[in-house]
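What follows is one structure encoded as structure tokens, with my remarks underneath.
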Amino acid sequence: MNGATAARYLVFTDLDGSLLDHHNYGYRDSLPQLRQLDSLGIPVIPASSKTRVEIERLRAELNNPHPFIAENGAATFIPVGYFDRQPADTVERNAYWIREMSQPRSAWLEILEELEIDFAGNYESFHRAGVEGIMRMTSLPRPRAEEANLREYSEPVKWFGDDKTRDVFLGRLQAAGAQVLQGGRFLSVCGDCDKGRALAWLRNAYCEAAGGARCHDIAIGDSRNDCAMLEAAETALVIRSTVHEIPPLQRSEGVIYSEDYGPAGWAEGVARWLHLQQL
Ligand SMILES: [Mg+2]
């Protein structure tokens, strides 16, 4: 490697259905490639609809010290001191430098409460379902369901009604200033943010911290809520899903489609990307 600013490699990854199995949330199949990335000094940056607390638990399990993107891009959390200097446009709280791109959850709960009058019985939200309801909707055990309910910027909604009514519902939410993202299981009601803009912001923070080094990044995802991130990265890795169609992308260059599903596809795709980068 020559020059003062060696290229930086970054892996931004969705969790459920990508790094983690859609059904049992396991990551056995992705572990060998996670270890490989770690040994190469390439950060694995979770970018998920999950909450800060959920991602923190997984990071602790994986010994992952890197920043992460929570709640579909609503906020990016950088451990204080991770970079030499605090990136611009961040607030320091709970040992993180946080880049917030959404209003708080309470704003969306207020809007959903108003819509309850016209759409009763068509949907359930995490807030209203409570921990018991979240356990039923997600098959998560109680402690995990509690973590999933500790949301700060967004509200997951499970839709039970027909498609036509859902479109009216979505229109009303959007008119009230909310954005709605379709995840693997839930609609996510949130602010005007997405994983793509969070990725672009964090990539820039990495490049600046590395003295303007060139950053080669890959975004990995399996669902529609990953599209913005898959479009924003240098390379996109689309993970095949057993439960839904692959997300539609505008780009055709620099896209890897996994052959395998979930974490096995994740490992296979990351290996292909590393090979293409000659790493
Ligand atoms: Mg997913």
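One-based numbering, in listed order, for ligands and for the atoms of each. For reference, positions follow the sequence shown, starting with 1. Just the heavy atoms: all of them, side chains too, but no hydrogens, waters or symmetry mates, feed the values below.
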Protein N, O or S atoms less than 2.8 Å from the Mg ion (ligand 1), ignoring waters? Asp14 OD2, Asp16 O, Asp222 OD1
For the atom pair CH2 (Trp273) and CD (Gln33), what is the distance rounded to the nearest 0.5 Å? 10.5 Å
Quick one: does Asn94's side chain get under 4.5 Å of Arg52's, heavy atoms only? yes
Indicate yes or no: does Lys195 engage Asp226 in a salt bridge with an N to O separation below 4.0 Å. yes
Can you confirm whether Glu61 is buried at CD, in the sense that more than 12 heavy atoms of other residues, nucleotides or ligands lie under 6.0 Å from that atom? yes
Within-4.5 Å side-chain heavy-atom neighbours: Trp266 and Ser258: no
Between Arg128 and Glu116, does any side-chain N to carboxylate O distance fall below 4.0 Å? yes
